[in-house]
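These notes concern the structure reproduced below.
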Amino acid sequence: MKKRPPLPKHLNRHRYHTLLIRLQIELVKLQRSVIERGQRILIIVEGRDAAGKDSTIKSIVEHLSPRDTRVVALGPPSNRERCSWYFQRHVSHLPAAGEIVLFNRSWYNRAGVERVMSFCTKEETEEFLETVPAFEAMIERAGITLLKYYLDISNQEQKRRLAERQRDPLKQWKELAPQIRTVA
């Protein structure tokens, strides 16, 4: 049987699921409003490895209309993308009117994962850090609501979850994720 991480003392499993359902109902209401008003929402979910990005996104989109909701999980940049304007690979995935788009990781990879994995140089990272505020300001000026979330866990919990991935055959795809991920 799968061992679940502990919940805060004031929150048992029943209460957690009751609250989750209420929040998902509010998300459905939000989506209905986004569609009716032609709004555009971009949600960025960043975080440490094994922090729960995938399960958080799954909970968010579980009851939303798949026609009006997209999850974008870009893999490593191609050779062509490495030679292009950095933000270019993300622009085509921005939401249209009535859409909610969730980025499972985003352009912030440039400041972390891509630098560590040698997908970019130190100078490219510095350029990113200088230009990202202007890029995000352009997104917001274009009428897109930008929401950013960073999920964090303790080192001990991260080690436990990464070890679980190695044992659980249903989670082993996560170890291959950088090689197989494409736009969802």
Side-chain angles (χ1 to χ4, degrees), residues 2 4-5 20 23-24 26-28 30-31 34 39-78 80-82 84-96 98-120 124-125 128-129 132-133 135-136 138-140 142 144-154 157-162 164-166 168-184:
K2 182 173 137 180
R4 294 181 174 151
L20 179 61
L23 291 170
Q24 288 173 325
E26 292 304 314
L27 282 168
V28 171
L30 170 68
Q31 184 173 48
V34 166
Q39 294 173 304
R40 298 179 286 167
I41 296 182
L42 176 61
I43 302 169
I44 294 174
V45 182
E46 293 283 350
R48 295 177 63 179
D49 284 346
K53 294 177 296 297
D54 292 322
S55 57
T56 297
I57 291 169
K58 183 178 177 182
S59 291
I60 290 170
V61 303
E62 184 175 8
H63 299 286
L64 298 181
S65 165
R67 276 187 290 260
D68 304 297
T69 307
R70 286 186 292 123
V71 176
V72 177
L74 298 176
S78 67
R80 182 181 188 282
E81 290 170 332
R82 287 184 190 150
S84 302
W85 177 52
Y86 178 68
F87 297 105
Q88 189 169 330
R89 69 190 301 238
H90 299 90
V91 170
S92 65
H93 302 291
L94 296 177
E99 278 189 327
I100 298 173
V101 173
L102 294 95
F103 274 28
N104 185 343
R105 296 199 184 260
S106 68
W107 43 83
Y108 287 104
N109 270 358
R110 176 59 57 124
V113 175
E114 289 185 17
R115 179 72 184 114
V116 172
M117 300 297 288
S118 300
F119 293 141
C120 68
E124 289 170 326
T125 302
F128 166 79
L129 292 172
V132 71
F135 177 68
E136 290 180 355
M138 288 188 322
I139 288 172
E140 290 176 332
I144 297 172
T145 301
L146 176 59
L147 306 168
K148 300 183 276 187
Y149 296 93
Y150 185 85
L151 306 181
D152 196 12
I153 53 174
S154 68
E157 181 64 15
Q158 184 181 38
K159 285 178 187 176
R160 186 191 71 74
R161 290 181 184 186
L162 291 173
E164 185 180 324
R165 277 187 193 174
Q166 291 177 331
D168 186 344
L170 297 176
K171 293 185 178 184
Q172 290 176 357
W173 66 269
K174 292 183 177 196
E175 296 301 318
L176 300 173
Q179 292 88 30
I180 62 171
R181 274 211 169 138
T182 58
V183 176

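Just so you know, these numbers come straight off a predicted model, no measurement behind them.
For V132 against L129, the heavy-atom pair with the smallest separation is CG1-O, 4.0 Å. In plain terms, the two heavy atoms of A111 and T125 that are nearest each other are CA-CG2, 4.0 Å. When all heavy atoms of L151 and A51 are compared, the closest pair comes out as O-CB, 3.5 Å. Shortest non-hydrogen contact noted between V61 and T69 is CG1-CG2, 3.7 Å.
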Give the C-alpha distance, both sets of side-chain angles, the deciding distance and a yes or no for side-chain contact (heavy atoms from CB on, under 4.5 Å) between L20 and Q24. CA-CA 6 Å; L20 179 61; Q24 288 173 325; 3.9 Å; yes

Before you tell me yes or no, could you show the steps for E114 and F128 under side-chain contact (heavy atoms from CB on, under 4.5 Å), namely the whole-Å CA-CA distance, both residues' side-chain angles and the distance that decides it to 0.1 Å? CA-CA 11 Å; E114 289 185 17; F128 166 79; over 6 Å; no

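Counting heavy atoms from C-beta outward, V28 and L64 have side chains that approach closer than 4.5 Å. No side-chain heavy atom of L94 sits less than 4.5 Å from a side-chain heavy atom of V101. Looking at heavy atoms from C-beta onward, L27 lies out of side-chain contact with H63 at the 4.5 angstrom threshold.
L147 is linked by a side chain to side chain contact (heavy atoms under 4.5 Å, CB included) to I41, I43, T145, Y149, counting only residues two or more places apart in sequence or in another chain. Taking A96 as the reference, E99 meet the side chain to side chain contact (heavy atoms under 4.5 Å, CB included) condition, with sequence neighbours excluded. Partners of K148 under the side chain to side chain contact (heavy atoms under 4.5 Å, CB included) rule, at least two apart in sequence or in another chain, are I44, Y108, E136, L146. Listed by chain and number, the residues in a side chain to side chain donor-acceptor pair (under 3.5 Å) with D68 are S65 (sequence neighbours excluded). When the salt bridge (Lys or Arg N to Asp or Glu O under 4.0 Å) test is applied to E140, no partner is found at least two apart in sequence or on another chain. Under the side chain to side chain contact (heavy atoms under 4.5 Å, CB included) criterion, S92 pairs with no residue at all, not counting sequence neighbours. For S106, the side chain to side chain donor-acceptor pair (under 3.5 Å) partners at least two apart in sequence or on another chain are E46. The side chain to side chain donor-acceptor pair (under 3.5 Å) search around Q88 returns none, not counting sequence neighbours. Evaluation of the side chain to side chain donor-acceptor pair (under 3.5 Å) rule for R89 yields E81 as partners, not counting sequence neighbours. Considering only residues two or more places apart in sequence or on other chains, R48 meets the salt bridge (Lys or Arg N to Asp or Glu O under 4.0 Å) condition with D152.
Using bins of under 30°, 30° to 60° and over 60° for the plane-to-plane angle, the ring pair F135/F87 lands in the parallel bin.
Using a 4.0 Å cut-off between a side-chain N of Lys or Arg and a carboxylate O of Asp or Glu, E164 and R160 qualify as a salt bridge. Using a cut-off of 4.0 Å between Lys/Arg side-chain N and Asp/Glu carboxylate O, R161 and D168 are scored as not salt-bridged.
Y86 places a side-chain N or O within 3.5 Å of a backbone atom of W107 that can act as its donor or acceptor partner. When atom types are taken as modelled, the side chain of Q158 and the backbone of D49 share a donor-acceptor pair closer than 3.5 angstrom. For K53 (side chain) and G47 (main-chain N/O), a donor-acceptor pair under 3.5 Å exists by modelled atom type.
If you take CG on L102 and NE2 on H93, they are separated by 14.0 Å, rounding to the nearest 0.5 Å. Rounded to the nearest 0.5 Å, atoms CG (L30) and CD1 (I100) are 5.0 Å apart.
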